Amino acid sequence: MQRRSFSIQIALLLGSIVGCNGGNNLASVEGIVTLDGQPLPNANVIFEGQGPQGDSASAYTDANGHFQLKDTIQTVGAKPGQYLVRITAQAVDEYSKPPAIPPKYNRNSQILVTVTNGSNTFNYELKSDPRYKSVEQ
């Protein structure tokens, strides 16, 4: 009887561990970022959670401007909910300057999206602004 009780305790412990880590309910979130119609490589796409827990997720775009979000523990996906999106630019290499992204896409962003269960695709077509020639993010 004691052996059976121990087996049940182990099963419950394993179930709670899987429930905490494996049951993270993350949704797939990906998309493409362009600047003036061209893919924007090496941009940082940040989803800041607007819920009480303030969950966030982020990703860098590849050479084609494609991103796939990861949550704060680097698991692919984001929790369902509402997010404020900020996009910042990074230099592609040590010899280049990052493109100037207007503040309306980063520090002054008002881009709100809702991530739902399943697969989510969000594409961002950014437009440069001649008033922002330097990188101010």
Side-chain angles (χ1 to χ4, degrees):
M1 184 73 167
Q2 190 174 16
R3 181 177 171 101
R4 183 174 172 185
S5 174
F6 180 72
S7 296
I8 291 172
Q9 288 175 345
I10 293 294
L12 288 173
L13 176 64
L14 289 174
S16 68
I17 290 170
V18 169
C20 291
N21 296 326
N24 55 17
N25 299 321
L26 297 181
S28 170
V29 181
E30 65 180 320
I32 295 183
V33 179
T34 60
L35 178 62
D36 298 328
Q38 298 299 313
L40 184 59
N42 211 32
N44 191 6
V45 181
I46 304 161
F47 277 46
E48 296 176 358
Q50 300 300 291
Q53 278 121 6
D55 296 316
S56 64
S58 64
Y60 282 96
T61 57
D62 63 16
N64 299 314
H66 180 264
F67 69 91
Q68 183 174 28
L69 287 185
K70 293 182 180 181
D71 72 359
T72 55
I73 57 171
Q74 295 303 303
T75 304
V76 173
K79 290 183 180 177
Q82 189 173 44
Y83 292 85
L84 176 69
V85 180
R86 297 183 192 275
I87 302 170
T88 62
Q90 308 294 319
V92 176
D93 58 42
E94 61 190 66
Y95 304 106
S96 63
K97 290 184 180 179
I101 308 261
K104 71 180 181 179
Y105 301 117
N106 42 69
R107 85 167 163 251
N108 296 337
S109 178
Q110 293 184 8
I111 304 169
L112 290 174
V113 297
T114 300
V115 172
T116 59
N117 289 319
S119 296
N120 297 261
T121 301
F122 300 105
N123 296 320
Y124 299 100
E125 298 175 3
L126 312 184
K127 304 286 183 210
S128 60
D129 186 330
R131 295 180 293 173
Y132 303 100
K133 296 203 186 263
S134 64
V135 179
E136 263 190 71
Q137 300 173 13

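Remember, it's a predicted structure, so these values are computed and weren't measured experimentally.
- Residues P41 and A63 share a closest heavy-atom pair of CB-CA, 3.8 Å.
- Shown here are the side chain to side chain contact (heavy atoms under 4.5 Å, CB included) partners of N123, two or more places apart in sequence or in another chain: I32, T121.
- Partners of N108 by side chain to side chain donor-acceptor pair (under 3.5 Å), not counting sequence neighbours: none found.
- Taken to the nearest 0.5 Å, the CD atom of Q90 stands 9.5 Å off from the CD1 atom of I101.
- Q74 CD: more than 12 foreign heavy atoms inside a 6.0 Å radius.
- S56 and E48 make their closest contact through CB-CA, 4.3 Å (heavy atoms, listed as atom of the first residue, atom of the second, distance).
- The structure places CG of L126 at 6.0 Å from CG of L35, a figure rounded to the nearest 0.5 Å.
- F122 and V33 fall within the same hydrophobic cluster, where Ile, Leu, Val, Met, Phe, Trp and Tyr residues are linked whenever their side-chain heavy atoms come under 4.5 Å apart, directly or through other members.
- Here OH of Y105 is found 11.0 Å from CG of L40. Values are rounded to the nearest 0.5 Å.
- What you find for A78 and V115 is that their closest heavy atoms are O-CG1, 4.2 Å.
- Ring geometry for Y124 versus F47: interplanar angle over 60°, hence perpendicular rather than tilted (30 to 60°).
- Not counting sequence neighbours, E125 has no partner by the salt bridge (charged side-chain N to carboxylate O under 4.0 Å, His left out) test.
- Listed by first then second residue, pairs satisfying side-chain hydrogen bond (donor to acceptor under 3.5 Å, both in side chains) with a partner in residues 57-70 read E30-H66, not counting sequence neighbours.
- Between the CG atom of L69 and the OG1 atom of T75 there is a distance of 12.5 Å, given to the nearest 0.5 Å.
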*Show the numbers, then the answer: is there a side-chain hydrogen bond (donor to acceptor under 3.5 Å, both in side chains) between N106 and T88?*
CA-CA 6 Å; N106 42 69; T88 62; over 6 Å; no
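- Here the closest non-hydrogen pair linking A100 and P102 is O-CD, 3.7 Å.
- Between the N120 side chain and the S28 main chain, a donor and an acceptor come within less than 3.5 Å of each other.
- A search for side chain to side chain contact (heavy atoms under 4.5 Å, CB included) contacts involving D55 returns Q53, K79, Y83, not counting sequence neighbours.
- The hydrophobic cluster containing L112 also includes L84, under a criterion of side-chain heavy atoms closer than 4.5 Å among ILVMFWY residues, counted directly or through chains of members.
- Across every non-hydrogen atom of A89 and P99, the tightest pair is CB-O, 3.4 Å.
- A pairwise comparison of heavy atoms in N117 and P80 identifies OD1-CG, 3.0 Å as the closest pair.
- For the atom pair T114 OG1 and Q82 CD, the distance stands at 5.0 Å (nearest 0.5 Å).
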